[in-house]
Every structure is written in C-alpha cells, then in structure tokens.
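For reference, the structure is listed below as structure tokens.
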Amino acid sequence: MARVVMHVDLDAFYASVEQLRRPELRGKPVIVGGSGVPGERGVVAAASYEARVFGVRSAMPLARARRLCREGIFVPCDFKAYRDASEQVFQILHGYSPLVEPMSLDEAYLDLTGSQALMGQPEPVAVRLRDEVKRSCGLDLSIGIATCKLVAKVASELRKPRGLVVVNAGGEAAFLRPLPISKLPGCGPSTIRRLEPLGVGTIGDLAALPELLLGELFGQYGRLLHAHARGIDPSPVMPPGDPKSISREVTFDQDVLDPPRLRETALALLQDVGHSLRGHGLAARTVAMKIRYYPFETHSCQATLTYPSDRDDELTQAFTRLLDEHLDQSRPVRLIGAGVSNLEARAVQLSLLESRAAERAALDDRLDALRERYGEQAIFRGTSNRPQQKDFRRDDIDHLAAERK
DNA sequence: TCTGGGGTCCTCAAGCTA
DNA sequence: TCTGTAGCTTGAGGACCC
Ligand SMILES: [Mg+2]
Ligand SMILES: [Mg+2]
C-alpha cells in the first residue's frame with residue numbers, strides 16, 4: 001500500500017514569530033539575524049516576505065541585507081521564543097498523527113498512512129491542520145503531501161507561503177520533471193556545479209542520466225540522486241532519536257590573537273556541551289575542537305577517549321590537549337568551537353550492569369579468537385547450543401517433548 | 001557583501017585485525 | 001605459517017539542511 005506522507009513547513013518562521021508578538025512589525029520588511037550587537041558578524045536567519053521583495057534571503061550576510069533593504073527592520077534572534085512557538089505547533093501536529101518526525105523548529109514530516117478512516121482524506125486533513133495552527137498559534141504554514149518524504153518536501157516548498165500541494169501516487173516523476181535541480185533536497189551549489197556541464201538543468205534531465213554514470217560521478221550519493229530524481233525515496237518517517245553529536249561555537253566580532261582568551265572561551269563552550277550531554281543522559285567517546293582562522297580557513301581535530309565520559313574534567317583534559325597540540329598561536333582566530341560525538345547512553349551508576357557488559361564483550365572477543373583458530377564449530381557459550389546442529393541428544397529430547405503432548 | 005550556529009551524512013586515507 | 005584481504009575504527013574535511 002502506498003504511504004501517505006505529509007511535510008509541514010512554517011512560513012518565514014522566525015520573522016513570523018516576531019511579527020506575531022510585535023504587531024507594529026506586521027506588514028513590514030522584518031529581517032531576523034545575529035544577536036543584536038552593533039557591527040557584529042552575522043547572517044540572515046529569516047526574512048519576512050515583505051523583506052524578500054528586496055532580494056533579502058536566508059544565510060545572507062547582514063551587511064548585505066542592510067544595503068539591499070534600507071527600510072528593513074533588523075531584529076536579533078530569540079531562540080527561546082521560537083522554541084516556545086514551535087512546541088505549540090508540534091502539540092497540534094501530534095493530534096494529526098502518532099508518527100511525527102521533527103526536522104527543525106519549523107518543519108516536520110507526518111506519516112498519515114492508514115489514518116483515512118479516522119481522519120478523512122489527506123487534503124481536507126491538511127486544510128484543517130493549517131487552519132488550526134493559524135487559529136491557535138497565529139502562524140502560516142505550507143504543506144506537501146505525497147507517497148514519500150522527498151516528494152512531500154518538494155511539494156511543500158513549491159507554493160509557499162500558505163501552500164498546499166498534493167502529489168498523487170504514480171505522479172511523482174511527472175511532478176518533479178520540470179523543476180530545476182536546485183529544488184531537489186540534497187542538491188546544493190557543489191552538486192549543481194558538477195551537473196551543469198552534463199547539461200542537467202531540470203530534475204527530468206537528471207532522471208534521464210544512467211544510474212551507472214551517476215554512481216561513477218557521485219558514488220553512493222549518485223545512486224540516491226538517481227532514485228530521488230524519479231520520485232523514489234523509501235526512507236521512513238522516524239520519531240526523534242538521541243542526538244549524534246553536540247557542539248557549541250562562537251564567531252568573534254573581531255578576530256582574536258590571544259591564546260588565554262581563546263582557551264577560556266573554548267572551555268566555557270565545552271562546559272555548555274557537557275551540561276547538554278548530561279541533560280540527555282549521554283556520554284561521549286570523542287571530543288572535538290573547531291577553529292576558523294583569518295580570513296576564513298576552518299580546521300577541526302578530534303580525539304577519542306578510552307571510555308565514554310560525561311564529566312567536565314575528563315572532557316576538558318582531552319580538549320586542552322587538542323588545543324595545545326593544534327592551535328596556531330601566530331594566526332588570528334575568527335571562530336572557536338567545542339563538541340562531542342560518538343555518544344552512548346550513560347552507564348547506569350557505576351557498575352554491575354556496565355562491568356558485566358564489558359566482561360561479556362571481552363568474553364565474546366576471546367571466543368571469536370578461538371573460533372578463528374579452531375573453526376566455527378569449535379566453541380559456544382555455556383548456555384547456547386550449536387545452531388542448526390544435528391545432535392542426536394537434542395533429537396531425542398525434542399522427540400520426547402513431542403510425544404508428551 | 002563577506003561570509004552564524006546547530007546539526008546530519010558522506011568520503012577518503014591510514015592503521016589495525018579478524 | 002604466511003599472505004591477502006575485508007571490514008572496522010579513527011581522524012580530517014566537505015556538502016548540505018534549516
Ligand atoms: Mg523549513
Ligand atoms: Mg520554513
């Protein structure tokens with residue numbers, strides 16, 4: 001049975017939240033970005049549709065946005081406000097499907113497969129959802145509905161703002177065909193640059209290329225690209241899981257050539273990382289440092305601990321080593337960051353459970369070594385029988401058990 | 001115009017080992 | 001016993017997303 005996947009995306013989210021709580025900003029070109037410090041280095045996080053008329057776009061340096069839009073109202077980011085608004089919206093989303101995959105504060109996939117009897121046809125469901133979010137949160141959103149996540153996402157982006165686009169089963173490839181490859185999620189500047197010389201401008205052009213060629217050019221991603229261009233994307237809607245990495249970084253308003261200050265800044269960031277790590281009940285095996293030197297050259301390095309840790313002292317020790325080894329003290333630093341990855345659930349208390357698990361793992365290693373030396377059938381765990389092994393004793397037992405019935 | 005911050009996933013190379 | 005290799009881990013960098 002074909003799936004019913006919905007992609008929901010709030011329109012100009014941060015800017016809309018600002019206009020919602022400050023009515024004087026409504027109908028005006030609002031540009032959200034930075035932290036509000038004059039002269040800071042920052043980019044546009046969101047622009048209201050009134051500002052977009054001037055050519056202002058997300059990810060554009062604020063300095064450029066100011067030149068493009070002299071009458072723009074520049075507002076610093078307030079993530080707490082956006083998080084609060086986002087939570088309200090997600091409350092509503094959960095009323096429409098038990099399976100919601102958040103992609104960011106302003107975006108989510110909902111799996112509506114099999115909900116027709118309960119909820120009705122997908123399109124009227126989408127209209128109700130849109131109206132409910134508007135009524136109770138005051139925010140506009142766009143919706144795409146299709147048989148897979150990829151096509152649903154392209155659909156939701158197509159008629160923003162307040163768009164609703166449904167792509168019926170079987171119509172995926174035809175829907176994508178005329179669109180420029182830039183609309184395909186995952187197809188960014190670098191991929192576009194490499195496809196251009198092949199004469200690929202539209203998703204249809206891309207779909208026409210042999211899978212082998214794409215595999216040759218783009219490796220694993222090439223095969224995915226080939227499927228995506230045809231509207232094929234079997235990836236399931238997944239509930240949120242544990243984070244895979246946690247990091248904090250800052251770009252200085254002016255480049256810094258002062259090792260003690262860099263160190264203090266970085267260690268404060270790392271403590272924040274540690275705090276978040278413990279908040280998630282996780283421990284990290286890898287500690288990482290990121291540095292961006294003047295003018296814009298980024299380096300990263302990482303070290304793996306012998307065992308996972310969530311303790312500031314241990315993380316700090318590893319991080320300090322990275323800093324001492326890798327910081328080039330002669331170069332001005334633009335950005336510094338700290339992070340952890342290779343995360344695992346924190347061991348419960350200190351002990352039994354954990355040390356037993358470790359013992360078991362060590363035992364497995366020894367058994368594997370013996371098997372390598374003496375053959376697969378040589379040895380098994382005390383409690384386990386040889387799988388599939390014809391063993392007359394077992395046959396007898398099985399036979400008796402069957403007769404006893 | 002001068003390039004944020006928080007993530008995810010991929011690639012490639014090198015070392016290790018089953 | 002030696003050799004070859006497949007697969008994992010680690011580390012650096014890059015593309016991409018919002
Ligand atoms: Mg979005
Ligand atoms: Mg959005």
Minimum-distance pair of heavy atoms, taken over all atoms of A/Val56 and A/Ala47: CG1-CB, 3.8 Å
Span that lies between the P atom of C/dC18 and that of B/dT3, in whole angstrom: 22 Å
Row check, A/Tyr49 ring normal vs A/Arg52 NZ/CZ: under 6.0 Å, within 45°: yes
Side chain of A/Ile246 (C-beta onward), nearest among C/dC18, B/dG7, B/dG4: B/dG7
Touch class at under 4.0 angstrom, heavy-atom based, for A/Val250 against every strand present: sugar-phosphate
DNA chain C contacts among residues 215-222 of chain A, heavy-atom distance under 4.0 Å: none
Sugar-phosphate, base or nothing in reach of A/Arg248, heavy atoms under 4.0 Å: sugar-phosphate
Side-chain H-bond candidate by donor/acceptor type, A/Arg292 with A/Thr298, under 3.5 Å: yes
Results of ring-ring contact (aromatic ring centres under 6.0 Å, His included) for A/Phe319 - residues two or more places apart only: none
A/Lys244 side-chain N/O to B/dC9 phosphate OP1/OP2 under 4.0 Å: yes
Sugar-phosphate, base or nothing in reach of A/Lys290, heavy atoms under 4.0 Å: nothing
Sugar-phosphate only, base, or nothing, as touched by A/Thr191 at under 4.0 Å among non-hydrogen atoms: sugar-phosphate
Sidechain N-carboxylate O distance under 4.0 Å for A/Lys153, A/Asp233: no
Touch class at under 4.0 angstrom, heavy-atom based, for A/Leu105 against every strand present: nothing
Sugar-phosphate, base or nothing in reach of A/Cys301, heavy atoms under 4.0 Å: sugar-phosphate
P spacing across the pair C/dG14 / B/dG4, given as an integer number of angstrom: 16 Å
Touch class at under 4.0 angstrom, heavy-atom based, for A/Arg57 against every strand present: nothing
Sugar-phosphate, base or nothing in reach of A/Asp106, heavy atoms under 4.0 Å: sugar-phosphate
Might you list the N or O atoms of the protein lying below 3.5 Å from N or O atoms in nucleotides 8-10 of chain C, with each pair's distance?
from   : atom 1 : to       : atom 2 : distance (Å)
C/dT10 : OP1    : A/Arg285 : NH2    : 3.0

OP1 or OP2 of C/dG13 under 4.0 Å from side-chain N/O of A/His299: yes
Nearest-angstrom distance from the residue atom OH of A/Tyr293 to C1' of B/dC2: 21 Å
Candidates B/dT3, C/dC18, B/dG6 - which lies nearest the side chain of A/Ser247: B/dG6
